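Reviewing the structure listed below.
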Amino acid sequence: MNYPSLVWHLKRTELFADFELAELEQVAVTTPYRSYQPGEVIYRMDDPADALYFVRSGLVKISKLFPNGKEAILGVVGQHDTFGELLLQPEERRPTQAEALERTTLIVLPRQELQKLLATKPDLAMKLIRLMAARLFEAQAWSATVSAYSAPERVASLLYRLAREFGRAHSQGVELNLKLSQEDIARMVGATRETVSHSLSRLKKDGAIVRARSPIIVQIDALKAFLEHEH
């Protein structure tokens, strides 16, 4: 059978993998697609937390903006990933901003529909809790990395993670198919652009990076060796 494309995409997401197709078709009725252009904001900090999002295609940047105008990039979300899961209270506000990095299509599950599902599917509630716990663990682990690692190590650690998640095979190593500038990397590792530039040069000299400009090409084993050697 040719199932609706939305149902197929929901089935590929971790939260809905165990759902029966008939159940997914019911979800799909209330779950529209929304498309975004590169640089378009999906939601801003302090917006109502009114929906859960699944990435059908594209990439989304999750960041936090500060009163002094600075931005910290907390992560990048790709195909079949979920974001915007903090939906605990009706008056919940977004603690972060979400922005499309490239042309992106999202599946949008309204908050009230999610709550209906949670009331009838305890397994879904447990998966959502596990997802939130994993995000918290990742945030704590990265916070510890930022505190304990030097700038080159933080850049190497970030590139290693991104290469494993978003990388694709290239004749010279692994290509990061992300349009990330040095300024973006700086906002992800808590450093200045100049520091990131120096760090990339050092990693290239050590053979961990083949091409330092976007799209970046890395040697995953060399990145891992760099991190292990430094410690």
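Just so you know, residue 1 is the first one in the sequence shown, and it goes up from there. This one's a predicted model, so the numbers in the text were calculated from it and none came from an experiment.
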For the [atom1] atom of [X] and the [atom2] atom of [Y], what is their distance to the nearest 0.5 Å?
X	Y	atom1	atom2	answer
Lys61	Thr104	NZ	OG1	12.0 Å
Arg193	Glu183	CZ	CD	7.0 Å
Glu102	Leu59	CD	CG	4.0 Å
Arg187	Lys70	CZ	NZ	10.5 Å
Gln115	Leu109	CD	CG	10.0 Å
Asp206	Leu223	CG	CG	10.0 Å

As a test of understanding, state which of [options] forms a side-chain contact (heavy atoms from CB on, under 4.5 Å) with [X].
X	options	answer
Val55	Thr82, Val77, Thr105	Val77
Ile185	Ile73, Thr195, Ile216	Ile216
Glu165	Val76, Asp81, Leu176	Asp81

Answer yes or no: are there more than 12 heavy-atom neighbours, outside Arg164 itself, under 6.0 Å from its atom CZ?
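Atom CZ in Arg164 is not packed in, count stays at 12 or less.
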Does atom NZ of Lys224 have more than 12 heavy-atom neighbours from other groups under 6.0 Å away?
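No.
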For the residue pair Tyr43 and Tyr53, categorise the inter-ring angle as parallel (less than 30°), tilted (30 to 60°) or perpendicular (more than 60°).
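The rings of Tyr43 and Tyr53 sit tilted, inter-plane angle from 30° to 60°.
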Is any side-chain heavy atom of [Y] closer than 4.5 Å to one of [X]?
X	Y	result
His170	Val210	no
Ser181	Asp184	yes
Phe83	Ile42	yes

Apply side-chain contact (heavy atoms from CB on, under 4.5 Å) to the pair Arg94 and Asp50, showing each step before the final yes or no.
CA-CA 9 Å; Arg94 297 291 187 191; Asp50 57 1; 4.1 Å; yes
Using a strict cut-off of less than 4.0 Å between a Lys/Arg side-chain nitrogen and an Asp/Glu carboxylate oxygen, indicate whether Glu40 and Arg34 qualify as a salt bridge.
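Salt bridge absent between Glu40 and Arg34.
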Closest approach of [X] to [Y] (non-hydrogen atoms, all atoms of both residues):
X	Y	result
Pro38	Arg103	CG-N, 3.6 Å
Ser199	Val155	CB-CG2, 3.9 Å
Val108	Ala51	CG1-CB, 3.6 Å
Ser197	Gln182	CB-OE1, 3.3 Å
Arg154	Ala191	NH2-CB, 3.9 Å

Assess the residue pair Leu106 and Val60 against the criterion (side-chain contact (heavy atoms from CB on, under 4.5 Å)); give the C-alpha distance rounded to whole Å, side-chain angles, the decisive distance to 0.1 Å, and a yes or no.
CA-CA 10 Å; Leu106 302 177; Val60 175; 4.1 Å; yes
Step by step, work out the side-chain contact (heavy atoms from CB on, under 4.5 Å) result for Leu136 and Gln140.
CA-CA 6 Å; Leu136 178 60; Gln140 290 174 333; 4.1 Å; yes
May I ask you to decide if [Y]'s main-chain N or O and [X]'s side chain share a donor-acceptor pair within less than 3.5 Å?
X	Y	answer
Gln37	Ala100	no
Glu153	Ser150	yes
Ser214	Leu178	yes

Side-chain heavy atoms nearer than 4.5 Å, only ILVMFWY residues, links allowed to pass through others: does that put [X] and [Y] together?
X	Y	value
Leu101	Val189	yes
Ile220	Phe166	yes
Leu52	Met132	yes

Connecting only ILVMFWY residues whose side-chain heavy atoms lie within less than 4.5 Å of each other, what is the rest of Leu65's hydrophobic cluster?
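Hydrophobic cluster check, Leu65: joined to Met45.
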Evaluate the criterion side-chain contact (heavy atoms from CB on, under 4.5 Å) for residue pair Phe226 and Arg202; output intermediate values, then yes/no.
CA-CA 11 Å; Phe226 176 85; Arg202 179 178 171 187; 3.9 Å; yes
